Amino acid sequence: MNTLNTQFIVRPAASPAWLRWAAPAAGLALMVWSFGWQSYPLYVMTQVLIYGIAIMGLNLLTGYTGQISLGHSAFFAIGAYATAVLSHHLGWPFYVGVPAAAVLCFAAGFLFGFPALRLPMLYLALSTFAVAVVTPQALKWKQIEWLTGGVQGIILEKPMFPGALADRADWVIMASVAACALCAFLLARRILGSQFGRLVDASRDQPLAAAAGGLNITAIRTQMFGLSAAFTGLAGALSVVVGQFVSPESFPFLLSVSLLVGSFVGGVRSLWGAFLGAAFIVLTPNLAESLSKSAPWMIFGFALLAVVFLAPNGLSGWITGLWRNRANSSPTQP
Amino acid sequence: MQAFLHQIASGLAAGGIYASLAIALVLIYRCTSSVNFAQGELAMFSTYMSWALVQAGASWWVAFVIVVVGSFMLGVALDRAIFQPLRHKPVLSVVAASIALLIILNSLVGWLFGHELKEFATPFGGVLSRAEPFLSAHEAGVLLVTLAELVAVFVFFRFTRFGLAMRAVAVNPSSAELAGINTNKVLAVGWGLAAVAGAVAGLMAAPIVFLEPSMMMSPLIYALAGALLGGIASPVGAVVGGFTIGVLENLLGAYVVGNDLKLTCIMLLIIVTLVLRPAGIFGKTAQVRV
């Protein structure tokens, strides 16, 4: 299985050398600068980072594995509820509860993906669609009310920080989320660049040939589905740390739709594009809600249509394309 | 016993609604090999149009006819504008476009008519009152309409040239094209007919669930379950599946799990069907030549 000839697989062009220094430096500068921010811009930035992680999870599935999920709101919910329950009922601190939630979501994704991924792509979309619609109702189930808090949900206490950081709790939370986002990004990049990542590429682009070559496609897709669920679950868990509240109504089918819109707008085949998509879905309602309650969704819908027709690789693909054109036209290029 | 029969009868009536919507899903599946996730919203949109017409003073059946014709044209227009250009694109694009349509229609209706519940009149009031213990007049009407629709679909596919052309396109679009069938025209009509079947489902459902922009979300899941159970490529399967799900849903709700978990059970049924028999009861497993 590991003897796949990788010689002919086209690798995407490496990012320019200056970007490898500029991007972390800009990130660091932003973190330092944001220390003085008011709580509202900090909140917006935190939301962008959280949804960015969730959309990265979706991209691992949609863009890299070639499968559709309309049910990622369910994994977001599982991550959130796992963290809330571990903290509320067992008193676990967030720094233990959040990773535990991500691991649980990996297991949930793996178990769900195991039967569903043997079928053609469309059927995964159907079954995940059903899961997303059912999630809020299942969370309200009377028999598990003692665990989930039923319709009321669970309210948690705000995490406390020692010393000088106590005044800047919002910033510390944002910085922790940013650290998680960075870890998730590096992990995803490492996985996609590994031998396993190339098997994923093969299973997406040439499933029949890959299967004929001895690749267990279902196993690869199931692992990627688990990974994808873990990322989105991590985002859900972090959303609890930020908001200290979960309730069934926070995870409607429309959350799955938002994630999908973000994924397409940012570009399904990009990891950093996920954060562009997240910025889009976080900022659009802020800007458009003054027009009408329905306006953000109208914009989401037309944005999704526009991306499908005009920019199949999303914003990140568009930006990369601009850069590549410039690189190609410059005379210094060998 | 009386109560049990009553549950079955109203399950059949609800099943009629799911069957209509399932027929719409099957028609689109045969045209595009994809599922139109906006089918429920499309039905909801048609229902709101009919409500607006009745509100403006039209009688129920006049509104019905106008909406059926309008829905057909809307379906054709959507195919021409959105789905025809995507015909040779990956399934991912088609699914994304139908999701986009879902949220656009949902927010458009919310913007035009508001999000609060609205009452919707039934055209079947007063008729059939002798059957009342088992079946309300509206439920009996729904059953009749569904059966009529089923007969119409059967006659269309079996006895008309256009139905034959549509079956040919569904089986093999490129061969049909070579045989002189205008595939684009056939598929556009398929979209139109699906929109009509959806509109009928919406108009039948609205007196029961009340009008609101998300009213067709649960019926869509039930209809999907029905279509999958019967076989997503088979209109007959869709109808049988729709009725089965309707009865099952009512019995589960009344005797087994209560109203809260009905949808969850149906979701599990979808997953179990997909695992055990992905082609459904009436479907044939497609053989792919490599």
Side-chain angles (χ1 to χ4, degrees), chain A residues 62-63 66-68 70-71 112 114-116 118-127 129-138 140-143 208-209 211-212 252-254 256-258 260-261 263-264 268 291-309 312, chain B residues 29 33-35 37-38 81-82 85-86 89-97 99-112 114-115 213-214 217-218 220-221 224-225 227-228 232 257-276 278 286 288 290:
Chain A
T62 323
Q67 302 285 317
I68 310 171
L70 302 175
F112 180 79
F114 193 65
R118 293 185 318 170
L119 300 166
M121 171 156 78
L122 178 66
Y123 291 108
L124 185 69
L126 288 179
S127 43
F129 172 62
V131 170
V133 175
V134 160
T135 301
Q137 296 186 341
K140 284 185 232 167
W141 188 27
K142 291 274 187 298
Q143 304 295 318
L208 281 174
F253 168 62
L254 287 176
S256 278
V257 175
S258 313
L260 199 72
V261 170
S263 166
F264 270 85
V268 290
L291 292 174
S292 129
K293 198 181 143 197
S294 309
W297 289 105
M298 200 88 91
I299 294 173
F300 281 5
F302 282 110
L304 189 52
L305 266 189
V307 169
V308 166
F309 279 97
Chain B
Y29 181 79
S33 302
S34 174
V35 163
F37 285 93
I82 299 178
L86 294 179
K89 293 279 169 61
V91 184
L92 185 61
S93 305
V94 183
V95 169
I99 294 281
L101 195 58
L102 183 160
I103 45 184
I104 290 172
L105 285 175
N106 196 305
S107 52
L108 181 68
V109 167
W111 180 59
L112 289 176
H115 293 268
S214 306
M217 212 47 143
S218 312
L220 183 65
I221 291 282
L224 265 178
L228 284 172
I232 193 150
V257 293
N259 276 326
D260 301 341
L261 281 190
K262 277 193 310 196
L263 211 54
T264 312
C265 288
I266 298 299
M267 175 201 83
L268 291 176
L269 181 77
I270 290 181
I271 292 169
V272 171
T273 314
L274 287 179
V275 171
L276 296 182
V288 181
V290 182

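Labels below follow one simple rule: chain letters A, B, ... track the order of the sequence lines, proteins then strands, and each chain is numbered from 1. Owing to the predicted nature of the structure, the values given are computational and were not obtained by experimental measurement.
- Only the side chain of B:Leu224 comes within contact range of chain A, with at least one heavy atom under 4.5 Å from a heavy atom of that chain.
- Annotation: the span from B:Met267 atom CE to A:Thr135 atom OG1 amounts to 7.5 Å, rounded to 0.5 Å.
- A 4.5 Å side-chain heavy-atom check between A:Leu305 and B:Leu101 finds every atom pair outside the cut-off.
- Contacts between B:Ala81 and chain A at a heavy-atom distance below 4.5 Å involve the backbone alone (N, CA, C, O).
- Interface remark: B:Leu228 contributes side-chain atoms only to the contact with chain A (heavy atom separation under 4.5 Å).
- With sequence neighbours excluded, the residues that form a ring pair (Phe, Tyr, Trp, His ring centres under 6.0 Å) with A:Phe253 are A:Phe129.
- Inter-residue side-chain proximity for A:Leu70 and B:Phe37 is flagged as met; some heavy-atom pair is nearer than 4.5 Å.
- The number of heavy-atom neighbours closer than 6.0 Å to CZ of A:Phe309, taken from other residues, nucleotides and ligands shown, is above 12.
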Quiz item: So A:Leu254 and B:Ile103, side chain to side chain contact (heavy atoms under 4.5 Å, CB included) or not? Walk me through it.
Solution: CA-CA 9 Å; A:Leu254 287 176; B:Ile103 45 184; 4.0 Å; yes
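- Atom CE of A:Met298 is separated from atom CG of B:Leu108 by 5.0 Å, given to the nearest 0.5 angstrom.
- Heavy atoms of B:Leu220 lying under 4.5 Å from chain A belong exclusively to its side chain.
- Taking B:Leu102, B:Ile232, B:Leu86 one by one and counting their heavy-atom pairs under 4.5 Å with chain A, the maximum is reached by B:Leu86.
- Considering every non-hydrogen atom in both B:Ile270 and A:Ala130, the closest pair reads CD1-CB, 4.0 Å.
- Only the side chain of A:Phe264 comes within contact range of chain B, with heavy atoms under 4.5 Å apart.
- When all heavy atoms of B:Val35 and A:Leu122 are compared, the pair lying nearest together is N-CD1, 3.7 Å.
- Distance check, rounded to the nearest 0.5 Å: CG of B:Asn106 to CZ of A:Phe300 gives 13.5 Å.
- A:Gly301 approaches B:Ala100 most closely through the heavy-atom pair O-CB, 3.4 Å.
- The minimum heavy-atom distance linking A:Ser127 with B:Ile271 is given by the pair CB-CG1, 4.1 Å.
- The candidate from A:Ile68, A:Ile299, A:Thr62, A:Val307 with the greatest count of non-hydrogen atom pairs under 4.5 Å with chain B is A:Ile68.
- Nearest heavy-atom pair, B:Leu263 versus A:Val134, reported as atom, atom and distance to 0.1 Å: O-CG2, 3.5 Å.
- Annotation: the span from A:Leu304 atom CG to B:Ile104 atom CD1 amounts to 8.0 Å, rounded to 0.5 Å.
- With a 4.5 angstrom heavy-atom cutoff, A:Val261 touches chain B only via side-chain atoms.
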